[in-house]
Amino acid sequence: MTDIDNRKPAFTVHLHGSGGPLTGWVVVDSLYDGLAMGGVRMTPTVSEEEVAGLARDMTHKFILAGLPIGGAKGGIVAEGGDREQTFRTFGRTVKPLLHGGIHLGIDMGVTPADRAVFFAEAGYDPRYRPGVADMPIDWRTYYEPLIDCTGHGVGVAAVTALEATGRTTAARVVVQGFGAVGKAVAQFLEDRGHLVVGVADVEGTISADRLPVRELLSITDNFGSIDRTRLPQGVTVSAEPDAWLDVDADILVLAAQKHALHTGNVHRLRAALVVEGGNISSTDDARDKARAAGTTLVPGVIANIGGAGSAALAVTRVVPFDLAAEARKAWVFDWIADRVRANTRDLLAIAAAEPGDPLTVLLDLRRGERR
């Protein structure tokens, strides 16, 4: 195993609130030229261990993408109360980190509006950083058009893996999680001729021989919940736990909660290809068991790079900001797709050539390339 997995994080900050109550953490897993970045997650159950694991994944994502920045992550324990006040307190508390080179963005439970609150409270504007050129546009103008970039990258990973196996016919797809990533992946794959046969949200699993993706998108709210009262005819609805595993499919996209695939349910896996569209979507043991059973698995640190990569491209000033808005968006989407495609191909080639965990080998290879 590479030494990057054996070492401790660069540092961990325990958050107790500046001028208000707050329970949380910022884990900076690694620094590159003094910089690190990652999103902030807010759930009732988030823990320091979870945040540390997510920060380590961010380090891996940036190594694999060849981006000159380290990995970090924030976590806030959701305890109710005034949401805006929580993020004002968070902004005051992490102000020294933001201004010191630790860029914090959004993750599960945190919206762009929340980010705007804690940026404002901290007096932080990512357009300006000592030693580098200013961004010529504000963060919202840059980032909001890229909302589907993560789903685009996940779709590219799925298509690339299918091509590597020599498949030329339409694949049957199940998407577990129908938030921003799941919706974008479903649309991406349907547009390329594949059949979405199952979709899972927080209420259960919807399946059919072919689900009408655009119709489902029209009845799905901003939190990824599908309106059961407006479902098209001919679909099957199940509230059974993990019923998405029982749908006959070639591809399973995991785009919801952490550890959706675990040792207690991996034996039910029917898809020959699993693509992780979320962060830490599978446990290590489940991945090992799936691989041993012949399943091809593309991990989230390869497939789920769109959001993090898009932000890092701006923070590190790699993006050609002189391009017009649509051309700049296309450039970012193409950049992400190229990295996902290359990493997916190399991962599968390594898996076919030698035993053990192919991701460890690929990480060591990319670390050497980034030096």
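Here, residue 1 is the first one in the sequence, and each next residue gets the next number.
In this structure, E354 places its CD atom where more than 12 heavy-atom neighbours from other residues, nucleotides or ligands lie under 6.0 Å away. Heavy atoms of other residues, nucleotides or ligands lying less than 6.0 angstrom from CG of D191 number more than 12. Heavy-atom contacts from other residues, nucleotides or ligands closer than 6.0 Å to CG of D209 number 12 or fewer.
Between E79 and T23, the closest side-chain pair of non-hydrogen atoms falls below 4.5 Å. At a threshold of 4.5 Å between non-hydrogen side-chain atoms, the residues H103 and P126 count as touching. A 4.5 Å side-chain heavy-atom check between T111 and R83 finds at least one atom pair inside the cut-off. Here the side chains of W139 and R115 are in contact, with some heavy-atom distance below 4.5 Å. When side chains are defined from C-beta on, V197 does not count as touching D248, because their heavy atoms never get closer than 4.5 Å.
For residues 192-225, there are no ring pair (Phe, Tyr, Trp, His ring centres under 6.0 Å) pairs, not counting sequence neighbours.
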Side chains of residues 304-314: which donor-acceptor partners sit under 3.5 Å, not counting sequence neighbours?
| unit_1 | atom_1 | unit_2 | atom_2 | d |
| --- | --- | --- | --- | --- |
| N304 | OD1 | K61 | NZ | 2.5 |
| N304 | ND2 | G277 | O | 2.7 |
| S310 | OG | G306 | O | 2.6 |

For residues 318-330, which side-chain donor-acceptor pairs fall under 3.5 Å, sequence neighbours excluded?
| unit_1 | atom_1 | unit_2 | atom_2 | d |
| --- | --- | --- | --- | --- |
| R328 | NH1 | L323 | O | 3.2 |

Give every donor-acceptor pair under 3.5 Å between a side-chain atom in residues 128-136 and any protein atom, sequence neighbours left out.
| unit_1 | atom_1 | unit_2 | atom_2 | d |
| --- | --- | --- | --- | --- |
| R129 | NH2 | V315 | O | 2.8 |

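The closest donor-acceptor contact from the side chain of S18 to the backbone of T93 lies at 3.5 Å or more, if one exists at all. Remark: side-chain polar atoms of D148 are not paired, donor with acceptor, to backbone N or O of G151 under 3.5 angstrom. E121 places no side-chain N or O within donor-acceptor distance of the main-chain N or O of G91, the cut-off being under 3.5 Å. Under the 3.5 Å distance criterion, the side-chain polar atoms of R228 are matched with a main-chain donor or acceptor of I226. A distance-only check finds a donor-acceptor pair linking the side chain of T86 to the backbone of D82 [under 3.5 Å]. A donor-acceptor contact shorter than 3.5 Å links the side chain of D138 to the backbone of T141. Not a single donor-acceptor pair under 3.5 Å links the side chain of S238 to the backbone N or O of A243.
Of the residues listed (F118, F119, F90), the one engaging Y124 in a ring pair (Phe, Tyr, Trp, His ring centres under 6.0 Å) is F119, and it is the only one. When the options I302, T160, T296, L64 are evaluated for a side chain to side chain contact (heavy atoms under 4.5 Å, CB included) with L347, the one that passes is I302.
Between D29 and K8 there is no salt bridge, since no side-chain nitrogen of the basic residue lies less than 4.0 Å from a carboxylate oxygen of the acidic one. Look at D246 and R268 and you find a salt bridge, because one of the NZ, NE, NH1 or NH2 atoms lies within 4.0 Å of a carboxylate O, short of that distance. Ion pairing between a basic and an acidic side chain is recognised when a charged N comes within 4.0 Å of a carboxylate O; D357 and R287 show no such pairing. Salt bridge E190/R214: present, at least one basic N to carboxylate O contact under 4.0 Å. Salt-bridge formation is not detected for the pair E50/K73: no Lys NZ or Arg NE/NH1/NH2 atom is positioned less than 4.0 Å from an Asp or Glu carboxylate oxygen. Taking 4.0 Å as the cut-off between side-chain N and carboxylate O, E163 and R167 do not count as a salt-bridged pair.
Linking Ile, Leu, Val, Met, Phe, Trp and Tyr residues whenever their side-chain heavy atoms come within less than 4.5 Å places L104 and V28 in a single cluster. Cluster annotation: V202 is not connected to M108 through the hydrophobic network of ILVMFWY side chains, with a link wherever side-chain heavy atoms come within less than 4.5 Å. Hydrophobic clustering (side-chain heavy atoms under 4.5 Å, transitive across Ile, Leu, Val, Met, Phe, Trp, Tyr) keeps I280 apart from V40. I336 is connected to V185 through a chain of hydrophobic side-chain contacts under 4.5 Å among Ile, Leu, Val, Met, Phe, Trp and Tyr, so both are in one cluster. If you chain together hydrophobic residues whose side chains sit under 4.5 Å apart, L97 and V27 never meet in one group.
Partners of H262 by side-chain hydrogen bond (donor to acceptor under 3.5 Å, both in side chains), not counting sequence neighbours, listed by chain and number: N265. In this structure, the side-chain hydrogen bond (donor to acceptor under 3.5 Å, both in side chains) partners of D227, at least two apart in sequence or on a different chain, are T229.
Counting only N and O atoms by type, the side chains of S225 and E203 include no donor and acceptor under 3.5 Å apart.
Between the OG1 atom of T263 and the CG atom of D288 there is a distance of 11.0 Å, given to the nearest 0.5 Å. To the nearest 0.5 Å, atom CG of residue N343 and atom CZ of residue R341 are 11.5 Å apart. The distance from atom CE of M37 to atom CG of L98, rounded to the nearest 0.5 Å, is 11.5 Å. Here the CG-CG distance, from L261 to L252, works out to 7.0 Å after rounding to the nearest 0.5 Å. Taking OG of S218 as the start and CZ of R230 as the end, the distance is 6.0 Å to the nearest 0.5 Å. F178 CZ to T205 OG1: the interatomic distance, rounded to the nearest 0.5 Å, is 12.5 Å.
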Walk me through it: do K183 and T220 pass the test side chain to side chain contact (heavy atoms under 4.5 Å, CB included)? CA-CA 9 Å; K183 288 187 288 189; T220 302; 4.1 Å; yes
With side chain to side chain contact (heavy atoms under 4.5 Å, CB included) as the criterion, how do N279 and D107 come out once you've worked through the C-alpha distance, each side chain's angles and the decisive distance to 0.1 Å? CA-CA 10 Å; N279 296 310; D107 193 68; 3.3 Å; yes
Go through the steps for L162 and T168 under the test side chain to side chain contact (heavy atoms under 4.5 Å, CB included), then give the verdict. CA-CA 8 Å; L162 284 175; T168 58; over 6 Å; no
Starting from the C-alpha separation in whole Å, work towards a yes-or-no answer on side-chain hydrogen bond (donor to acceptor under 3.5 Å, both in side chains) for T59 and R56. CA-CA 5 Å; T59 291; R56 178 60 49 89; 5.3 Å; no
Under the side chain to side chain contact (heavy atoms under 4.5 Å, CB included) criterion, do D250 and L273 qualify, and how do the steps go? CA-CA 6 Å; D250 305 297; L273 169 62; over 6 Å; no
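The side-chain tip of R140 does not point at the ring of Y142 from less than 6.0 angstrom away and within 45° of straight on.
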